[in-house]
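Structure first, then comments.
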2 protein chains.
Amino acid sequence: MSLKFAVLAALHEQPATGYDLTRNFRTRMANVWNASHQQIYRELSKMTEEGLLEVEDVPQDSRPDRKLYRLSDAGIADLANWLTESQGRPPTRDPLLVKLFGGDLVDPESLMAEITRQRQNWRQELDRYRDIEAEYFSAPEQVPFRFRLQHLALRKGIRSMESNLAWADEVVAVLNHEIKSRS
Amino acid sequence: MSLKFAVLAALHEQPATGYDLTRNFRTRMANVWNASHQQIYRELSKMTEEGLLEVEDVPQDSRPDRKLYRLSDAGIADLANWLTESQGRPPTRDPLLVKLFGGDLVDPESLMAEITRQRQNWRQELDRYRDIEAEYFSAPEQVPFRFRLQHLALRKGIRSMESNLAWADEVVAVLNHEIKSRS
DNA sequence: GAATATTATGCAAAAAAGTGCATAACAGGG
DNA sequence: CCCTGTTATGCACTTTTTTGCATAATATTC
């Protein structure tokens, strides 16, 4: 029930089309919410029917028309109301950790390949976040409160990735030790 | 498609009933996979039909019989095969960060209450993980490889919670600053 | 000139996860 | 004796997410 609120929050920042939202969810909000374009378009239709959003048709030559969505008063009220409710933690589901629980069925080299791949992935993600930070949030003191909150969201992503990378090093060390002791 | 593999990995460690699995998923594997008992029982039936598991009926006086599940050869093969496939990252979906994106609709005190609640929650979780570590993994060098991998899974949970707590402090500082500047 | 990427939208089906409800017996505290 | 907790299982319904498919025009690269 929360893609809805992620969309409301994103549109609260500024009006956008499904395409814009898809881009934002993949970039600036990558550490916040994950959704495919199909999900987003579906949700936008549904929320418009429910009266939470207003659509403005923006015709374009040579491209499909853009549908620019913005919050209606009902949408703002719904979001404001949700913000006062206390949220549970998102469920943890980590395939990589499942692998560790079954990991003695395969050789350590195979686990090493996987953890190395993930490490690279996290590294790239961290770099992306840092780029965004440098571009949007380089002067944190002078910026309006809204942006400071967004910056904090990004900071969580950065800390997360740093933590993952440090953990990956710990795993690599253990695997190296095991690989040596077997040979 | 992955509760299946979480179950396979858990049963690979040792045969168990749905009840046992539910307990493990809530405690020792809390940072690995999240599932309700309904989900687990459903999955166990399905996987047994598919021939991945074997059931042994263990009658009990005065309590419903236990159904002890263990991996079949097909189950082991399926798990071993999955372990060689490389996994994508689990999708990020964090309601708390969504709140930050809409957070300027409510007063900072309300956000403060929420972050404080979450902080406590993380703190408790961290304590739980550390208890498990002390109980099961206190002598990491002398323990078989399988346990070392499980320990690493737990380490990720510990690092995660530490990272979350540090981040929470950052948020509290910003909110305090804002609350003061408004009064 | 052909293949690929980008902007822009969406439907339909399948898989996975969440929620409410249900049963059954014992154990322990008040 | 009643209430609550623990062991032990599960069905049915609903919501959410994923995945495959589809369209349409331009811009860019080989």
Side-chain angles (χ1 to χ4, degrees), chain A residues 1-8 15-27 32-50 53 55-69 82 87-95 98, chain B residues 1-8 11 15-27 29-30 32-50 52-53 55-69 78 82 85 87-95 98:
Chain A
M1 205 56 198
S2 272
L3 170 57
K4 174 179 162 184
F5 297 106
V7 168
L8 286 174
T17 67
Y19 196 80
D20 296 335
L21 288 176
T22 304
R23 245 205 279 83
N24 284 335
F25 277 42
R26 259 205 309 259
T27 56
V32 175
W33 208 266
N34 184 284
S36 66
H37 70 98
Q38 293 96 328
Q39 260 174 290
I40 290 167
Y41 285 116
R42 189 208 294 142
E43 197 68 26
L44 287 171
S45 304
K46 203 177 128 201
M47 290 167 73
T48 307
E49 269 180 47
E50 292 168 352
L53 304 180
V55 206
E56 181 190 343
D57 237 78
V58 184
Q60 295 191 118
D61 308 337
S62 81
R63 287 288 160 78
D65 295 352
R66 310 180 84 223
K67 292 190 185 173
L68 192 67
Y69 292 89
W82 178 78
Q87 299 306 309
R89 267 191 303 146
T92 313
R93 288 199 188 97
D94 193 334
V98 173
Chain B
M1 207 51 204
S2 271
L3 169 57
K4 175 179 162 182
F5 296 106
V7 168
L8 286 174
L11 292 180
T17 67
Y19 195 79
D20 297 335
L21 288 175
T22 304
R23 246 204 280 83
N24 284 336
F25 276 43
R26 259 206 310 259
T27 55
M29 294 179 74
V32 174
W33 208 266
N34 184 283
S36 66
H37 70 98
Q38 293 95 327
Q39 271 178 66
I40 290 168
Y41 285 116
R42 188 209 287 147
E43 198 67 28
L44 286 171
S45 304
K46 203 177 128 203
M47 289 167 72
T48 305
E49 269 180 47
E50 291 168 354
L52 301 172
L53 304 180
V55 205
E56 180 190 342
D57 237 78
V58 184
Q60 294 191 120
D61 307 336
S62 81
R63 287 287 160 78
D65 296 353
R66 309 179 84 221
K67 292 191 185 173
L68 192 67
Y69 291 89
D78 214 20
W82 178 77
E85 287 171 22
Q87 299 305 309
R89 267 190 305 145
T92 311
R93 287 193 189 104
D94 193 333
V98 173

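Naming convention: chains lettered A, B, ... in sequence-line order (proteins, then strands); numbering from 1 in each chain.
- Rounded to whole Å, the distance from OH on B:Y41 to P on C:dG18 is 17 Å.
- Listed by chain and residue number, B:P95 satisfy the side chain to side chain contact (heavy atoms under 4.5 Å, CB included) test with A:P90 (two or more places apart in sequence, or in another chain).
- One can place CG of A:L21 at 15 Å from C1' of C:dT7, the figure rounded to the nearest angstrom.
- Not counting sequence neighbours, the partners of A:R89 by the side chain to side chain donor-acceptor pair (under 3.5 Å) test are B:N121, B:E125.
- Within 4.0 Å (heavy atoms only), A:R93 reaches sugar-phosphate atoms of the nucleic acid but no base atom.
- A:F5 pairs by the ring-ring contact (aromatic ring centres under 6.0 Å, His included) definition with A:W82, not counting sequence neighbours.
- Nearest nucleotide to the side chain of A:W33, out of D:dT17, C:dG18, D:dT9: D:dT17.
- The stretch residues 42-50 of chain A touches DNA chain D through A:R42, each having a heavy atom under 4.0 angstrom from the strand.
- Closest to the side chain of A:K67, out of D:dG10, C:dG10, C:dG18, is C:dG10.
- Rounded to 10 degrees, the angle separating the terminal axes of the helix from C:dG1-D:dC30 to C:dG30-D:dC1 is 40°, with each axis obtained from five end pairs.
- Legend: residues meeting side chain to side chain contact (heavy atoms under 4.5 Å, CB included) with B:T48, ordered by chain and number and at least two apart, are B:L53, B:V55, B:Y69.
- When the side chain to side chain donor-acceptor pair (under 3.5 Å) test is applied to B:D78, the partners found at least two apart in sequence or on another chain are B:K4.
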Note to self: side chain to side chain contact (heavy atoms under 4.5 Å, CB included) for A:V32 and B:T92? Distances and angles first, verdict last.
What the structure shows: CA-CA 6 Å; A:V32 175; B:T92 311; over 6 Å; no
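- Computed from coordinates, the B:L3 CG to C:dA14 C1' distance equals 17 Å when rounded to whole Å.
- Take B:T17 and apply the side chain to side chain contact (heavy atoms under 4.5 Å, CB included) test, not counting sequence neighbours, and it matches B:Y19, B:D20, B:R66, B:L68.
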Next item on the list: Evaluate the criterion side chain to side chain contact (heavy atoms under 4.5 Å, CB included) for residue pair B:L44 and B:L11; output intermediate values, then yes/no.
Entry: CA-CA 11 Å; B:L44 286 171; B:L11 292 180; 4.3 Å; yes
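- Taking atom CZ of residue B:F25 and atom C1' of nucleotide C:dA16, one finds them 14 Å apart after rounding to whole Å.
- Summarising the geometry, atom CG belonging to A:L21 is positioned 8.5 Å from atom OH belonging to A:Y41; distances are rounded to the nearest 0.5 Å.
- Closest to the side chain of A:Y69, out of C:dG10, D:dG10, C:dG18, is C:dG10.
- The side chain to side chain donor-acceptor pair (under 3.5 Å) test applied to A:E50 returns no partner, not counting sequence neighbours.
- Nucleotide D:dT9 holds its C1' atom 11 Å from the CG atom of B:D57, rounded to whole Å.
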Just the table, please: protein N/O against nucleotides 21-28 of chain C N/O, every pair under 3.5 Å.
| residue | atom | partner | partner atom | Å |
| --- | --- | --- | --- | --- |
| C:dC21 | N4 | B:Q38 | NE2 | 3.2 |

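- As rounded to whole Å, 11 Å separates atom P of D:dT18 from atom CD1 of A:I40.
- Within the 4.5 Å cutoff, side-chain heavy atoms of B:K67 are placed close to those of B:D57.
- In this structure, the nucleotide among C:dT9, C:dG18, D:dA8 sitting nearest to the side chain of B:Y19 is D:dA8.
- Using a 4.5 Å cut-off on side-chain heavy atoms (C-beta onward), B:R42 and B:Q39 make contact.
- Whole-Å rounding puts the B:N34 CG to C:dA16 C1' distance at 13 Å.
- D:dC21 atom C1' lies 17 Å from atom CD of A:Q39, rounded to whole Å.
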